[in-house]
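Excluded from the calculations below are hydrogen atoms, water molecules and symmetry mates; all remaining heavy atoms, backbone and side chain alike, are included. Both counts, for ligands and for their atoms, begin at 1 and track the order of listing. Everything numeric here is computed off the predicted structure, so don't read it as measured data.
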Amino acid sequence: MSSAAVSSYHPVYQAAKENPEKFWGQVAEAVHWTRRWDRVLDDSDAPFYRWFTGGELNTCYNALDLHVDQGRGDQAALVYDSAVTDTRRSYSFSELRDTVALFAGVLAERGVAKGDRVIIYMPMVPEAAIAMLACARIGAVHSVVFGGFAANELAVRIDDATPKAIISASCGIEPGRVVAYKPLLDEAISLATHQPDFCVLLQRPQVEASLQAGRDVDWDEALAGASAQDCVPVLATDPLYILYTSGTTGEPKGVVRDNGGHAVALKWTMENIYGVQPGEAFWAASDVGWVVGHSYIVYAPLLAGNTTILYEGKPVGTPDPGAFWRVISENDVRVLFTAPTAFRAIKKEDPTGEHIRRYDLSSLRYLFLAGERTDPDTLHWAEDKLGIPVIDHWWQTETGWSIAANCAGLGLLPIKEGSPSVAVPGWDLQVLDDNGRQAPAGEIGTLAAKLPLPPGTFPTLWNARQRHFDSYLKQFEGYYNTSDAGIIDSDDYVFVMSRTDDIINVAGHRLSTGAMEEVLADHPAVAECAVTGVADDLKGQVPMGFLVLSAGCEQADDEIVAEAVAMVRDRIGPVAAFKQALVVKRLPKTRSGKILRGTMRSIADGTPWKMPATIDDPVILDEIAQALSTIGYPR
Ligand code: COA
Ligand code: AMP
């Protein structure tokens, strides 16, 4: 534990806990409202709470126009840095507002109005952020789908969100390969039952997409013929976006974000959690397809008047492990936010930090990490090489911003390795045992947050209120179940240990093992299967499949494994990083038939495990260990 200067964290935390309405009501004054709220916190439909009911605002106005009106028009709002195409482009707040207003015109003139959904399936180009903000401008609800998902996943989202329009691009660029998006989009539309009225396609020079007459329009042509649209006021409680995230089954959860609470909370986080002032550059090295991208590439930095960096590239290989340092030095980045896996990749290729010394990084104040636990090796390497505080913070797609963090803007508390520090103001976090009783300090249990959650968190799941209740609110009455297990120590520091469900974290990406099992079960030779996440030096975890074949199957094992791997890539997408599977005789189960995925994971990782008391046949675990040893596990 290292020392820290005086922090105002504790009084601010207490103020938010003792009187949330007063606290968030005051914070909300920083947002521009076209109609003031009637109630800060509306508990009339508890346990579903709403923030700022009756209030009206426009999120795009707050992110762009407000800054132009307040004299920041010439400041860089968004810097696009593409390491894969060697392109840099900066948009001032005025330019970004004008382009967004025109693209809002493209949508509105084709019939997209308040409340309509628009799917955005795009690579990391500024047009992705422009499309998001254009939706916000006219009150349409965007749903961004990550480019690494396959056509089938896109089709599932099209059917759930029923969009009027889909915005896409001709291609994305991954190191060593160009990913043509249009064939994936066409396939998804043909798989889906719901059909969009139109699609807008951004043609990139690397691949030209063929456009379907009557349905597809070219981005540039449409923009050239559009008239600028003004901001449409929406209710604070109206949805701003839907972001699908992995659940325990193949059916993703549509996390809904509202307009009012989101603008209030996210704007507050920039100064108070990240310690950046308006006008300074902030960089979240993530993707707009993830929640980090929504909150910290697009909305929060713009709401707070910061310059945001939209980076198309990887931490290594584009072209070298100095890519991050180049971007920081060229843009005077004050805070970098990324996933620990990116640092593990850099550290692996540049262990001595030679590339770090090539650049002037004096602008950089803090490194924030999230998406998975920051392992001590990565923490110390980054602290050592950068010489700045490295701050682990914990959050989820559902929460939209961090649950636990060391709030740099309030004055750092001491950093404890392995911990994302303490509950952020607005969060009342507790560790509960299976009966919902509070566990003593230092004891493991489920991390749960007392309701109501602060503004900016999800008010509901799209078209799935009951699933919202069943998944998050039912088990512990009056609490949000985070589905993360952990402990809180006697200094109130939180330690997040593992998921309590079947979700795994691969390179900071959240994936459902259940969804992969559903795909594998469709292989004609597979009678039964299980997927678990096994430890990986670079990605934290990677999925591993266990396949039990149907009796009498004559196909060769390695052929089945290769087909199974291809099926997951084809149906879920390359992002699943599903590359390993093993054919086994049987799966270990409890006497009630529950597959012991956790025990299989421990065997693969070589970590200590206890023989489950309820195991059906312990010999099966020896068979699993034997099968794993044939492919070099534990490593
Ligand atoms: N479109 C199409 N394919 C994509 C894609 C996209 N937007 N993003 C990733 N993929 C593909 C990759 O090319 C890779 O394909 P491959 O199996 O053919 O190699 C696959 O999906 C897996 O991607 P990923 O797990 O990201 O691995 P990687 O080897 O490409 O990169 C890291 C590894 C660590 C460098 C990378 O994950 C990274 O930069 N992570 C940063 C953290 C981050 O973005 N976290 C998000 C939450 S904060
Ligand atoms: P996502 O919804 O993709 O942001 O993934 C959320 C999950 O990632 C959480 O429930 C955690 O399991 C994990 N996670 C995110 N940040 C951290 C962190 N700082 N420490 C430990 N786990 C984390």
Side-chain angles (χ1 to χ4, degrees), residues 84 121-124 128 145-150 169 171-181 184 243-247 253 255 284-297 311-318 321 323-324 337-346 348-349 368-375 391-405 418-421 447 458 481-486 494-501 503-511 533 536-543 565 569 572-579:
V84 287
Y121 183 58
M122 292 185 103
M124 282 290 285
V145 178
F146 178 63
F149 281 120
C171 66
I173 298 154
E174 285 295 291
R177 105 192 129 96
V178 172
V179 184
Y181 275 38
L184 297 170
L243 179 57
Y244 289 92
T245 189
S246 303
K253 292 170 167 165
V255 168
S286 177
D287 189 289
V288 286
W290 306 118
V291 67
V292 175
H294 280 63
S295 294
Y296 290 105
I297 296 174
Y311 173 71
E312 185 180 30
K314 303 270 171 178
V316 294
T318 58
F324 274 21
F337 175 174
T338 190
T341 186
F343 264 74
R344 287 196 297 270
I346 295 171
K348 196 169 160 204
E349 292 205 6
F368 278 82
L369 297 172
E372 53 176 320
R373 172 178 169 268
T374 300
D375 56 285
I391 303 168
D392 181 8
H393 62 330
W394 167 52
W395 52 302
Q396 308 181 317
T397 305
E398 289 84 346
T399 69
W401 56 288
S402 47
I403 310 166
S419 167
S421 303
L447 289 163
F458 72 137
N481 180 349
T482 66
S483 296
D484 275 314
V494 180
F495 291 78
V496 183
M497 317 299 276
S498 61
R499 292 282 304 195
T500 56
D501 54 16
I503 282 174
I504 58 170
N505 237 289
V506 179
H509 310 319
R510 169 168 161 182
L511 298 167
D536 182 81
D537 280 352
L538 177 64
K539 298 193 179 190
Q541 277 187 311
V542 287
V565 166
R569 192 175 174 95
I572 297 179
V575 67
F578 184 84
K579 303 207 166 159

Undergrad: Ignoring angles and geometry beyond distance, decide whether G371 reaches within less than 3.5 Å of ligand 2 through its nitrogen or oxygen atoms.
TA: yes

Undergrad: Atoms of ligand 1 less than 4.0 Å from V575 heavy atoms?
TA: 21 (O)

Undergrad: Which atoms from ligand 2 have a heavy atom of V496 less than 4.0 Å away?
TA: 21 (C), 22 (N)

Undergrad: Taking both backbone and side-chain atoms of D392, is any N or O found less than 3.5 Å from an N or O belonging to ligand 2?
TA: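 Yes, D392 has an N/O under 3.5 Å of an N/O on ligand 2.
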
Undergrad: Just jot down the ligand 2 atoms closer than 4.0 angstrom to any heavy atom of N505, in number order.
TA: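 Counting atoms of ligand 2 from 1, those under 4.0 Å from N505 are 7 (C), 8 (O), 13 (C).
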
Undergrad: Need the ligand 2 atom indices (1-based, order shown) with element for anything under 4.0 Å from a heavy-atom of R499.
TA: 9 (C), 10 (O), 12 (O)

Undergrad: R373 heavy atoms, cut-off 4.0 Å: which ligand 2 atoms fall inside?
TA: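 Close to R373: 18 (C), 20 (N), 21 (C), 22 (N).
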
Undergrad: Between K348 and D537, is there a side-chain N and carboxylate O pair less than 4.0 Å apart?
TA: no

Undergrad: Report yes if T397 has an N/O atom closer than 3.5 Å to an N/O atom of ligand 2; otherwise report no.
TA: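 Yes.
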
Undergrad: Side chain to side chain donor-acceptor pair (under 3.5 Å) for T338 and Y311? Distances and angles first, verdict last.
TA: CA-CA 12 Å; T338 190; Y311 173 71; over 6 Å; no

Undergrad: Heavy atom to atom 29 (O) of ligand 1, shortest distance: which of R177, E174, K539, E372 holds it?
TA: K539

Undergrad: What protein heavy atom sits nearest atom 6 (C) of ligand 1, and how far away is it?
TA: G148 N, 3.5 Å

Undergrad: Is ligand 1 under 4.0 Å from a heavy atom in the side chain of F578, in the backbone, in both, or in neither?
TA: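 Under 4.0 Å from ligand 1, F578 contributes no heavy atoms.
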
Undergrad: Between the side chain of T341 and the main-chain N/O of L538, is any donor-acceptor distance below 3.5 Å?
TA: yes

Undergrad: Measuring only between side-chain heavy atoms, which start at C-beta, is K579 closer than 4.5 Å to V542?
TA: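 Of all side-chain heavy-atom pairs linking V542 with K579, none is under 4.5 Å.
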
Undergrad: Which atoms of ligand 1 have any heavy atom of P315 under 4.0 Å away?
TA: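 Answer for ligand 1: 35 (C), 39 (O).
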
Undergrad: Please report which non-hydrogen protein atom sits nearest to atom 22 (C) of ligand 1, along with the residue it belongs to and the distance in Å to one decimal place.
TA: P574 O, 3.6 Å

Undergrad: Can you confirm whether some protein heavy atom lies under 4.0 Å from atom 36 (C) of ligand 1, or whether none does?
TA: no

Undergrad: In terms of atom number and element, which parts of ligand 2 are under 4.0 angstrom from non-hydrogen atoms of W395?
TA: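 Every atom of ligand 2 under 4.0 Å from some heavy atom of W395: 4 (O), 6 (C), 9 (C), 15 (C), 16 (N).
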
Undergrad: Give the residue and atom name of whichever protein heavy atom lies nearest to atom 40 (N) of ligand 1, and the separation in Å to one decimal.
TA: T341 CG2, 3.8 Å

Undergrad: Within a distance under 4.0 Å of any heavy atom of A507, pick out the atoms of ligand 1 and give their elements.
TA: 25 (O), 37 (O), 45 (N)

Undergrad: Between V316 and I346, is there a side-chain heavy-atom distance shorter than 4.5 Å?
TA: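 Answer yes - side chains close enough.
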
Undergrad: As a check for students: among G317, A342, S286, identify the option with a heavy atom nearest to atom 41 (C) of ligand 1.
TA: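 Of the listed residues, A342 has the closest heavy atom.
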
Undergrad: Can you confirm, on distance only, whether ligand 2 has an N/O atom lying under 3.5 Å from any N/O atom belonging to H393?
TA: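 Between H393 and ligand 2, an N or O pair is found under 3.5 Å apart.
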
Undergrad: Need the ligand 1 atom indices (1-based, order shown) with element for anything under 4.0 Å from a heavy-atom of V292.
TA: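 That gives atoms 48 (S) of ligand 1.
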
Undergrad: For atom 18 (O) of ligand 1, what is the closest protein heavy atom, and at what distance to 0.1 Å?
TA: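 The closest one turns out to be R569 NH2, 2.9 Å.
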
Undergrad: With distance as the sole test, does E398 use its side chain to make a donor-acceptor pair with the main-chain N or O of F458 at under 3.5 Å?
TA: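 The answer is no, because no donor-acceptor pair under 3.5 Å joins these two groups.
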
Undergrad: Would you mind checking which non-hydrogen protein atom is closest to atom 9 (C) of ligand 2, with the distance to 0.1 Å?
TA: D484 OD2, 3.2 Å

Undergrad: So, do E174 and K314 sit near enough that their side-chain heavy atoms are less than 4.5 Å apart?
TA: yes

Undergrad: With a 4.5 Å limit on heavy-atom distance, are the side chains of P543 and I504 in contact?
TA: yes

Undergrad: T245 to ligand 2: N or O pair under 3.5 Å?
TA: no

Undergrad: Flag the pair D375 / R344 as yes when at least one side-chain heavy-atom distance between them is below 4.5 Å, and no otherwise.
TA: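 A side-chain contact exists here, since the closest heavy-atom pair is under 4.5 Å.
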
Undergrad: Distance under 4.0 Å to a non-hydrogen atom of G508: what atoms of ligand 1 satisfy this?
TA: 47 (C)

Undergrad: Please write down residue, atom name and distance for the protein heavy atom closest to atom 5 (O) of ligand 2.
TA: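 For atom 5 (O) of ligand 2, the nearest protein heavy atom is R510 CD, 3.5 Å.
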
Undergrad: Are the side chain of T500 and the backbone N or O of S483 linked by a donor-acceptor pair below 3.5 Å?
TA: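 Yes, T500 side chain to S483 backbone: donor-acceptor pair under 3.5 Å.
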
Undergrad: Where is the nearest protein heavy atom to atom 17 (O) of ligand 1: which residue, which atom, and how far?
TA: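 Looking only at protein heavy atoms, the one closest to atom 17 (O) of ligand 1 is K579 NZ, 2.7 Å.
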
Undergrad: Got the closest protein heavy atom to atom 30 (O) of ligand 1, with its distance?
TA: K314 NZ, 3.0 Å

Undergrad: Who's closest to atom 45 (N) of ligand 1 heavy-atom-wise, of A284, G293, A339?
TA: A339

Undergrad: Are there protein heavy-atom neighbours of atom 9 (C) of ligand 1 below 4.0 Å?
TA: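 Yes, there is a protein heavy atom closer to it than 4.0 Å.
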
Undergrad: Sequence neighbours left out, what passes side-chain contact (heavy atoms from CB on, under 4.5 Å) with D484? Give chain and number order.
TA: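 For D484, the residues satisfying side-chain contact (heavy atoms from CB on, under 4.5 Å) (neighbours in sequence not counted) are W394, Q396, L447, T482, V496, R499.
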
Undergrad: Considering only protein heavy atoms, which is closest to atom 26 (O) of ligand 1, and at what distance to one decimal place?
TA: H509 NE2, 3.3 Å

